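Shown next, in structure tokens, is the structure this report addresses.
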Amino acid sequence: MRLATWNVNSVRARLDRVLAWVDRSDVDVVALQETKCKDEQFPTQAFEDLGYQVAHRGLSQWNGVALLSRVGLEDVATEFSPAVPHFGEPAAAEARAIGATCGGIRVWSLYVPNGRTLDDPHYLYKLRWLEVLRDAGREWLAADPELPVALVGDFNIAPTDDDVWDPAFFEGSTHVSGPEREAFAALVEAGFADVVRPFTPGPGVFTYWDYQQLRFAKRQGMRIDFVLGSPGLARRVSGATIDREERKGKGASDHAPVVVELDAP
DNA sequence: ATGGTAGACACTCTA
């Protein structure tokens with residue numbers, strides 16, 4: 001079984017590319033982030049025509065997450081916890097998570113809030129959001145330590161200095177700060193391992209390259225998209241790739257798809 | 001090449 005995650009940065013703006021990638025990549029489950037549309041605008045039929053069931057969560061032109069599956073799509077949920085924080089006054093829900101059971105795996109497509117800057121209220125919102133995710137994940141595994149869970153998506157955190165093209169460039173920025181890296185480490189400590197890294201060793205291995213300043217051509221990126229697997233999932237991982245080819249050319253997302261190969265349970 | 005990247009939407013926000 002093959003499981004993928006991909007921040008597409010608008011599913012409608014590059015629908016042809018997304019469909020072509022899904023169709024040629026032999027993926028059973030695909031988690032999308034930043035679909036940038038409401039549910040009624042999501043091109044559900046086009047993915048169904050490729051043989052996938054579809055679950056999407058989108059409330060506005062921002063954020064938006066989806067799951068595509070050709071191995072079943074059950075028990076869809078849009079909040080991983082009743083304690084998920086909302087941003088703003090009044091607090092407004094954002095479409096940053098959707099979960100479902102696909103082929104026996106509990107998969108969550110996640111778009112972690114961008115902290116913007118270290119002194120922005122969005123930064124604390126991001127840290128709180130990650131804390132609630134960690135608590136939820138911990139509870140799931142406490143109830144069933146063998147539950148196969150995949151927390152996948154755009155975490156907007158580069159966990160180590162090897163995960164950015166130049167640590168000095170990011171000094172004082174989000175994505176690399178101590179508290180963000182501690183929040184990521186807390187997810188790992190809760191039982192969710194980065195199952196891609198063993199197959200894609202760095203440094204210099206990235207999943208995102210800014211559109212500006214020819215960052216992709218200069219190989220100046222960040223590794224911020226992950227597949228985090230519970231023990232019951234992680235031990236089944238037999239391979240993983242970052243499809244940087246998909247970042248090339250006109251009309252590419254600024255993120256590359258990440259694909260994990262799983263053995264049968 | 002007087003720009004700077006891109007997407008949503010309607011003017012400025014988000015990343």
Side-chain angles (χ1 to χ4, degrees), chain A residues 5-21 31-44 46 56-66 85-97 109-130 152-159 163-166 169-177 179-181 183-184 206-226 244-258:
Chain A
T5 184
W6 188 13
N7 178 323
V8 293
N9 185 25
S10 172
V11 70
R12 292 176 296 165
R14 54 185 56 79
L15 182 59
D16 289 351
R17 270 188 84 129
V18 175
L19 290 171
W21 185 86
L32 302 176
Q33 300 87 37
E34 274 209 277
T35 60
K36 286 188 168 175
C37 65
K38 301 175 185 180
D39 286 344
E40 61 267 29
Q41 298 171 309
F42 189 82
T44 299
H56 179 261
R57 162 97 163 152
L59 301 171
S60 70
Q61 70 269 45
W62 309 124
N63 316 308
V65 284
H86 297 316
F87 187 83
E89 192 56 53
E94 295 182 321
R96 295 186 176 275
S109 178
L110 304 169
Y111 181 43
V112 176
N114 183 307
R116 303 192 181 188
T117 58
L118 298 183
D119 58 359
D120 191 296
H122 287 87
Y123 179 71
L124 294 175
Y125 167 54
K126 174 183 193 174
L127 293 176
R128 178 64 186 148
W129 197 95
L130 288 161
V152 313
D154 178 356
F155 285 74
N156 272 315
I157 299 171
D163 300 316
V164 297
W165 61 275
D166 179 7
F169 180 86
F170 291 96
E171 211 167 297
S173 307
T174 60
H175 296 63
V176 301
S177 73
E180 288 165 283
R181 286 177 169 176
F184 188 89
F206 306 126
T207 64
Y208 160 85
W209 300 261
D210 199 300
Y211 287 123
Q212 299 184 60
Q213 309 294 334
L214 298 172
R215 293 288 182 220
F216 181 68
K218 292 189 275 194
R219 299 180 178 267
Q220 297 175 339
M222 310 175 79
R223 193 173 73 100
I224 57 176
D225 300 88
F226 298 94
R244 69 183 300 286
E245 289 299 307
E246 180 54 34
R247 179 63 180 79
K248 296 180 179 177
K250 187 175 164 59
S253 169
D254 43 2
H255 296 250
V258 179

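Keep in mind that what you see is a predicted model, and the values were worked out from it rather than measured. Lettering of chains follows the sequences in order, A, B, ..., and the numbering in each one begins at 1.
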(message) Would you compute the distance between atom CZ of A:Arg57 and atom OH of A:Tyr111 and round it to the nearest 0.5 angstrom?
(response) 15.5 Å
(message) Let me spell it out: for each of A:Thr35 and A:Asp210, pick the nucleotide of DNA chain B with the closest heavy atom. Which residue's pick is nearer the 5' end?
(response) A:Asp210
(request) Could you tell me whether A:Arg215 sits above the aromatic face of A:Phe169, with NZ or CZ closer than 6.0 angstrom to the six-membered ring centre and within 45 degrees of the axis? (result) yes
(request) Go through B:dA8, B:dA15, B:dT5 for me and flag the one nearest to the A:Trp62 side chain. (result) B:dA8
(request) May I ask you to evaluate whether A:Arg12 reaches the phosphate of B:dA6, defined as a side-chain N or O under 4.0 Å from OP1 or OP2? (result) no
(request) Round to a whole Å and report the spacing from CD of A:Gln213 to P of B:dG3. (result) 16 Å
(request) Could you work out the separation of B:dA10 and B:dT14 based on their C1' atoms and round it to a whole Å? (result) 15 Å
(request) Check whether any side-chain nitrogen or oxygen of A:Arg215 sits under 4.0 Å from OP1 or OP2 of B:dT5, and answer yes or no. (result) no
(request) Round to a whole Å and report the spacing from NZ of A:Lys250 to P of B:dA6. (result) 8 Å
(request) Quote, to the nearest angstrom, the C1' distance that separates B:dA1 from B:dT5. (result) 16 Å
(request) Rounded to the nearest angstrom, tell me the gap between atom CG in A:Asp254 and atom P in B:dA6. (result) 10 Å
(message) Applying the side chain to side chain contact (heavy atoms under 4.5 Å, CB included) criterion to A:Lys126, which one of A:Pro113, A:Pro121, A:Pro179 satisfies it?
(response) A:Pro113
(request) Scan A:Phe216 against the nucleic acid and name what it touches under 4.0 Å (heavy atoms): base, sugar-phosphate only, or nothing. (result) nothing
(message) Distance check needed: B:dT14 P versus A:Lys36 NZ, whole Å only.
(response) 12 Å
(message) Quick check on side chain to side chain donor-acceptor pair (under 3.5 Å): which of A:Asn156, A:Thr207, A:Asp154 does A:Asn7 satisfy it with?
(response) A:Asp154
(request) Please determine, by modelled atom types, if A:Ser253 and A:Glu246 share a side-chain donor-acceptor pair under 3.5 angstrom. (result) no
(message) In whole Å, I'd like the distance from the NE2 atom of A:His122 to the C1' atom of B:dA15.
(response) 11 Å
(request) Name the closest nucleotide to the A:Arg96 side chain, picking from B:dA15, B:dA8, B:dA6. (result) B:dA15
(message) What is the separation between atom OH on A:Tyr111 and atom C1' on B:dG7, rounded to the nearest whole Å?
(response) 12 Å
(message) Does A:Arg247 reach a base, just sugar-phosphate, or nothing at all? Heavy atoms under 4.0 Å.
(response) nothing
(request) Rounded off to whole Å, could you give me the NZ-to-P distance for the A:Lys38 and B:dA8 pair? (result) 14 Å
(request) Select from A:Ser10 and A:Glu34 the residue whose nearest nucleotide in DNA chain B is closer to the 5' end of that strand. (result) A:Ser10
(request) Scan A:Gln212 against the nucleic acid and name what it touches under 4.0 Å (heavy atoms): base, sugar-phosphate only, or nothing. (result) base
(request) Using whole Å, report how far NE2 of A:His255 lies from P of B:dT5. (result) 17 Å
